[in-house]
> 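One structure coming up, written as structure tokens, with questions to follow.
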Amino acid sequence: MSYVQFIYQNIRWLSVGFLLCLTSSYGQTYFISIFAGEIRTEFGLSHTAWGWIYSAGTMASAALMVWAGTLTDRFRVRVLAPIILTLLAVACLAMAAAPTALSLVFVIFALRFTGQGMTFHISMVGMARWFQATRGRALSIASLGLAVGNAVLPLIFVSLMFYFSWRQLWLIAAVLSIFLVPLIISLLREERTPQSISKSSTAVGMNGIHWTRGAMLKHWLFWMCLPLLLGPPIWGTSMFFQQVSYVDLKGWDLFDFVALFPLMTLGSVTFNFLSGMAVDKWGAGRILPLMLIPFGIGFIMLALSTTLTMASFSLIVVGIGMGSQGPVAGAFWAESYGTKNIGAIKATAAAFMVFGSAIGPGVSGALIDKGVDMQDQLVGYGIYIFASAVLAYFATQRAQALLPTTTQIDIVST
């Protein structure tokens, strides 16, 4: 089946995944960070202070994700998504009205939990559970929403800064979030593979069994692949979070740099589709060690960039890594540990990812204040990626022999 046929036959459910990923942007670092300069100026914050405020709020959201993420095993997307989107809108309103620097901790927590955490998590779990034989393609299309958000929303909102204050822009984000609620409800009048059927048609993982969260946490594969999977949350978050510092160091204008993001999306979109097809053909485990190599190369290229033209090529390479990350990492959990408890399993993985994204801003901000600029930091980020990819390669090679040999057929029902 071609991508066009696949999208046509499943447009209702794929649209939900795409829109949820797109809207999760309001809690993602690449969006929040465009307001970093205004926030630090208004509240008199240093790079270190703003970084640790961001980290504290993000760490709190990671802790809550361990529990809240399991709700996707108990409630359908059409029930859970509208609630989370409403809470995301409230979080955007809270940012618009933040009175003190201390209040930013709670606001960042709310944005990160509802946006980066739950909205994105619901989308990925929905795709992993609704699709089995075509899981890679479904995840690639859904995660495309994140790529589009990364490319379009920063550019739009930075442009709007000429006409609106940063607080007014968060009001706009709140309105856009709440407007999505009735659309999601309408699209999910019929939900693919309901709970009653999925219980009898779940896909098994390694050793032909349904893994629990506790069993996964005791297994070597999880811990050997975790450093690689933490790479984008920690260091990708740092790169976007410190983009204002980065462009100041290079002597560029923020708008000119943000205007390059669509090129990053070009690389992301291209490899998003390719990696989705690759997952369906060869499996996520075989591709996982390779998916983040472009991140490492792109980080080092950004460090060495002396012009916006060089930076544009660097961002395209980073985009290739971003495009591969969504479908490959999303499918990896379901492929390795099965789908019966995928909500709890992905919630744990998501908590680690969110926790990783909390570390990056605090560490990178402190390093900047200590005199280690973003150029030097980006080189270190690249080295980390390469080392963790080697570790993941040996782990996934060993795990291939444990995977089931048959693939279940997708079930469509109302």
Side-chain angles (χ1 to χ4, degrees), residues 3-4 6-8 10-34 81 84-85 88-89 92 111 114-124 126-127 136-160 169 172-181 183-184 187 232-233 236-237 239-240 243 255 257-277 291 294-295 298 312 315-330 357:
Y3 252 113
V4 174
F6 175 67
I7 293 172
Y8 177 76
N10 298 280
I11 187 66
R12 180 190 297 271
W13 303 286
L14 295 173
S15 295
V16 170
F18 175 89
L19 290 171
L20 287 174
C21 279
L22 175 63
T23 307
S24 76
S25 296
Y26 304 128
Q28 300 283 358
T29 300
Y30 60 74
F31 183 81
I32 299 174
S33 64
I34 65 176
I84 295 300
L85 287 171
L88 176 58
C92 292
L111 285 171
T114 57
Q116 182 212 23
M118 286 301 293
T119 301
F120 182 73
H121 176 66
I122 291 170
S123 174
M124 294 293 98
M127 296 300 102
R137 299 186 187 190
L139 286 164
S140 71
I141 293 169
S143 59
L144 189 62
L146 205 60
V148 172
N150 199 336
V152 175
L153 291 178
L155 183 60
I156 291 175
F157 277 78
V158 169
S159 301
L160 290 175
L169 292 177
I172 294 175
V175 171
L176 293 174
S177 298
I178 204 66
F179 275 2
L180 187 59
V181 171
L183 180 57
I184 293 293
L187 288 171
T237 297
M239 184 192 77
F240 286 112
Q243 61 183 296
F255 179 82
F257 182 69
V258 170
L260 300 178
F261 284 9
L263 296 175
M264 181 168 57
T265 302
L266 177 63
S268 177
V269 170
T270 301
F271 276 79
N272 187 283
F273 287 119
L274 291 176
S275 61
M277 290 189 292
M291 73 172 188
F295 265 111
S312 67
L315 288 174
I316 290 173
V317 177
V318 171
I320 292 172
M322 291 175 60
S324 303
Q325 180 189 359
V328 177
S357 69

> Kindly indicate, with the supporting measurements, whether the criterion side-chain contact (heavy atoms from CB on, under 4.5 Å) is fulfilled by Tyr26 and Thr119.
CA-CA 10 Å; Tyr26 304 128; Thr119 301; over 6 Å; no

> List the steps and the verdict of side-chain contact (heavy atoms from CB on, under 4.5 Å) for Ile84 and Leu20.
CA-CA 10 Å; Ile84 295 300; Leu20 287 174; over 6 Å; no

> Between Ser25 and Leu22, is there a donor-acceptor pair closer than 3.5 Å when you use the side chain of the first and the backbone of the second?
yes

> Identify the heavy atoms of Leu146 and Ser24 that sit nearest to each other, and give their distance.
CD1-OG, 3.4 Å

> If you round to the nearest 0.5 Å, how far is CG of Asn150 from CZ of Phe31?
11.5 Å

> Say you draw a straight line from CZ of Phe18 to CE of Met127; how long is it, rounded to the nearest 0.5 Å?
12.0 Å

> Shortest non-hydrogen contact from Ala81 to Ile184?
CB-CG2, 4.1 Å

> Which pair of heavy atoms, one from Ala147 and one from Thr265, lies closest together, and at what distance?
O-OG1, 3.2 Å

> Would you indicate whether Phe271, at its atom CZ, is surrounded by more than 12 heavy atoms from other residues, nucleotides or ligands within a distance under 6.0 Å?
no

> Measure the shortest side-chain to side-chain distance between Val318 and Phe295 over non-hydrogen atoms and say whether it is less than 4.5 angstrom.
yes

> Which heavy atom of Ser15 sits nearest to which heavy atom of Leu187, and what is that distance?
CB-CD1, 4.1 Å

> Could you tell me the separation between the CZ atom of Phe157 and the CD1 atom of Ile172, rounded to the nearest 0.5 Å?
5.5 Å

> Test side-chain contact (heavy atoms from CB on, under 4.5 Å) on Cys21 and Met124 and set out the steps.
CA-CA 8 Å; Cys21 279; Met124 294 293 98; 3.6 Å; yes

> Nearest 0.5 Å please: distance from the CD atom of Gln28 over to the OG1 atom of Thr23.
11.0 Å

> To the closest 0.5 Å, what do you measure between CH2 (Trp13) and CD1 (Ile141)?
13.0 Å

> I'd like to know if the side chain of Ser268 reaches the main chain of Met264, judged simply by a donor and an acceptor atom lying under 3.5 Å from each other, with no hydrogens or angles considered.
no

> Indicate yes or no: at least one non-hydrogen side-chain atom of Thr29 is less than 4.5 angstrom from one of Thr237.
yes

> Which pair of heavy atoms, one from Leu160 and one from Leu169, lies closest together, and at what distance?
CB-CD2, 3.5 Å

> Calculate, to the nearest 0.5 Å, the distance between atoms CG and CZ belonging to Leu153 and Phe261 respectively.
11.5 Å

> Show the nearest heavy-atom pair for residues Ser177 and Cys92, with the distance to one decimal.
OG-SG, 4.4 Å

> Val258 and Gln243: side-chain contact (heavy atoms from CB on, under 4.5 Å), yes or no, with the steps?
CA-CA 9 Å; Val258 170; Gln243 61 183 296; 3.8 Å; yes

